[in-house]
Amino acid sequence: MRVWLSVLAVTVLSWLLKASAPLVIAHHKLPAPVIRMTALTAPVLLAGLIVTELGGKEIDWTQLAGVGVAGSLALLKVPMLVAVAGGIVTTALIRLSAG
């Protein structure tokens, strides 16, 4: 019972901390370096997700090719949904042709 109360307390505290940040900085203009650094968090998190999903086990070359195609399409400024779909289609086609 104490474990669940602890989990609940930590969850509520986390929500309160996350909700308080916009309230604290709402009336302040953030410096330009902070805005630039914040804009980089999404690509860094995506790269971390890719590394943890593809790494640590035997490499699946079809996944690697799909991620490469999706990354290349993203570099070409294709909409993200289309880039991800291109990676999925590439992975599926390679797997179908490889048997």
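The analysis underlying the following values was restricted to heavy atoms, covering all of them including side chains, and did not include hydrogens, waters or symmetry mates.
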Trainee: Can you check whether R2's main-chain N or O pairs, donor with acceptor, with S6's side chain at less than 3.5 Å?
Mentor: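 Such a contact is found between S6 side chain and R2 backbone.
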
Trainee: For L96, does the CG atom sit with more than 12 other heavy atoms under 6.0 Å from it, leaving out its own atoms?
Mentor: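 Yes, the 6.0 Å shell around CG holds more than 12 heavy atoms from other groups.
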
Trainee: Which pairs, with at least one residue in residues 9-27 and sequence neighbours excluded, count as a salt bridge (charged side-chain N to carboxylate O under 4.0 Å, His left out)?
Mentor: none

Trainee: Can you hop from V69 to V78 via hydrophobic side chains spaced under 4.5 Å?
Mentor: yes

Trainee: For residues 70-95, pull every pair meeting side-chain hydrogen bond (donor to acceptor under 3.5 Å, both in side chains), keeping only residues two or more places apart or in separate chains.
Mentor: D60-R95, T62-R95

Trainee: For the hydrophobic clusters of this structure (ILVMFWY residues joined by side-chain heavy atoms under 4.5 Å, transitively), does one cluster hold both I88 and M80?
Mentor: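 Both belong to a single hydrophobic cluster.
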
Trainee: Please tell me whether L16 and L8 are part of a single hydrophobic cluster in this structure, the criterion being side-chain heavy atoms less than 4.5 Å apart.
Mentor: yes

Trainee: Check for me, please, whether L64 and I94 land in the same ILVMFWY cluster - side-chain distances under 4.5 Å, paths through other members count.
Mentor: no

Trainee: Looking at A83 and A74, what are the two nearest heavy atoms and their distance?
Mentor: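 Looks like CB-N, 4.0 Å.
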
Trainee: State the CG-OG1 distance between L45 and T41, to the nearest 0.5 angstrom.
Mentor: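 L45 CG to T41 OG1: 6.0 Å, rounded to 0.5 Å.
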
Trainee: Among the clusters formed by ILVMFWY side chains lying less than 4.5 Å apart, do V82 and L76 turn up in the same one?
Mentor: yes

Trainee: If a pair satisfies salt bridge (charged side-chain N to carboxylate O under 4.0 Å, His left out) and one of its residues is in residues 32-52, list it, with sequence neighbours excluded.
Mentor: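 Those involving residues 32-52 do not exist here.
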
